[in-house]
Amino acid sequence: QQTQMFRPQTGVFFQVVRTAPENRDPAALAQGIKDAASVWGWIDARLAVSRFICGDRMTIADMAWGVHAHRWLNMDFDRPDLPHLRPWYDRLLERESFRTKWAGPIT
């Protein structure tokens with residue numbers, strides 16, 4: 001999660017959230033989305049066969065990836081369709097602790 005997702009998704013975050021639209025680098029944004037989507041594809045494939053990343057029970061892996069999913073799914077940009085990612089994120093949101101501690105505003 002840290003070695004594969006942090007760099008590309010942080011680049012997307014800075015382009016979408018922290019940079020004024022007129023100052024954004026479209027090429028950097030597109031590359032960040034492409035690279036992050038590739039990693040999210042791995043997670044989506046895992047979620048195609050189980051309710052959570054490591055099986056049918058939530059583990060620390062879901063929390064580690066869940067905070068990244070919160071950003072990915074709530075920033076304003078076009079993202080590729082990953083059909084299992086949103087339902088998994090919605091399962092995380094069913095937990096009050098995730099909702100109140102990790103799913104706040106994207107700033």
Side-chain angles (χ1 to χ4, degrees):
Q1 163 260 349
Q2 283 293 313
T3 60
Q4 297 298 312
M5 181 57 71
F6 185 78
R7 184 195 53 77
Q9 189 158 299
T10 298
V12 173
F13 170 78
F14 274 94
Q15 288 294 318
V16 172
V17 176
R18 297 283 174 90
T19 303
E22 65 275 9
N23 296 327
R24 291 180 186 157
D25 179 342
L29 178 57
Q31 189 64 53
I33 292 168
K34 178 182 174 187
D35 293 347
S38 175
V39 178
W40 281 120
W42 305 339
I43 299 300
D44 194 66
R46 288 287 311 138
L47 296 169
V49 298
S50 61
R51 289 181 43 80
F52 295 98
I53 293 172
C54 293
D56 289 330
R57 300 181 85 176
M58 188 173 173
T59 68
I60 191 125
D62 298 285
M63 295 306 292
W65 283 96
V67 296
H68 289 287
H70 177 67
R71 276 190 173 176
W72 178 256
L73 294 170
N74 290 287
M75 288 188 284
D76 186 20
F77 65 91
D78 291 329
R79 63 193 54 74
D81 182 40
L82 298 165
H84 307 287
L85 194 62
R86 174 65 71 171
W88 164 73
Y89 174 72
D90 290 342
R91 285 191 290 281
L92 297 180
L93 288 174
E94 291 172 5
R95 296 178 177 266
E96 182 181 0
S97 60
F98 184 82
R99 249 187 350 267
T100 59
K101 306 286 188 224
W102 302 106
I106 308 296
T107 61

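Since this is a predicted model, take the numbers as computed values, not measurements.
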Taking the side chain as every heavy atom from C-beta outward, state whether [X] and [Y] have any atom pair closer than 4.5 Å.
{"X": "His84", "Y": "Ile43", "value": "no"}
{"X": "Trp40", "Y": "Arg79", "value": "no"}
{"X": "Arg71", "Y": "Val67", "value": "no"}

*For Thr59 and Ile53, run side chain to side chain contact (heavy atoms under 4.5 Å, CB included): C-alpha distance rounded to whole Å, both residues' side-chain angles, the deciding distance at 0.1 Å, then the answer.*
CA-CA 8 Å; Thr59 68; Ile53 293 172; 5.6 Å; no
*asked:* Is the distance between the ring centroids of Trp65 and Tyr89 under 6.0 Å?
replied: no
I need the minimum non-hydrogen distance between [X] and [Y], along with the two atoms involved.
{"X": "Ala69", "Y": "Trp88", "answer": "CB-CZ3, 3.5 Å"}
{"X": "Gly66", "Y": "Leu92", "answer": "CA-CD1, 3.7 Å"}
{"X": "Asp35", "Y": "Pro8", "answer": "CB-CB, 3.6 Å"}
{"X": "Pro80", "Y": "Ile33", "answer": "CD-CG2, 4.3 Å"}
{"X": "Ala37", "Y": "Trp72", "answer": "N-CH2, 3.8 Å"}

Return yes if some donor-acceptor pair links the side-chain N/O of [X] with the main-chain N/O of [Y] below 3.5 Å, else return no.
{"X": "Arg24", "Y": "Thr19", "answer": "yes"}
{"X": "Gln1", "Y": "Ala61", "answer": "no"}
{"X": "Arg99", "Y": "Gly104", "answer": "no"}

Is the [atom1] atom of [X] crowded by more than 12 outside heavy atoms at less than 6.0 Å?
{"X": "Gln2", "atom1": "CD", "answer": "yes"}
{"X": "Arg91", "atom1": "CZ", "answer": "yes"}
{"X": "Asp76", "atom1": "CG", "answer": "no"}

Give, for atom [atom1] of [X] and atom [atom2] of [Y], the distance between the pair rounded to the nearest 0.5 Å.
{"X": "Asp62", "Y": "Phe98", "atom1": "CG", "atom2": "CZ", "answer": "9.5 Å"}
{"X": "Asp44", "Y": "Asp81", "atom1": "CG", "atom2": "CG", "answer": "8.0 Å"}
{"X": "Arg51", "Y": "Met58", "atom1": "CZ", "atom2": "CE", "answer": "11.0 Å"}
{"X": "Met5", "Y": "Arg7", "atom1": "CE", "atom2": "CZ", "answer": "10.5 Å"}
{"X": "Arg18", "Y": "Thr107", "atom1": "CZ", "atom2": "OG1", "answer": "6.0 Å"}
{"X": "Gln15", "Y": "Gln31", "atom1": "CD", "atom2": "CD", "answer": "12.0 Å"}

*Aromatic plane relationship, Phe6 with His68 - under 30° parallel, 30 to 60° tilted, over 60° perpendicular*: perpendicular
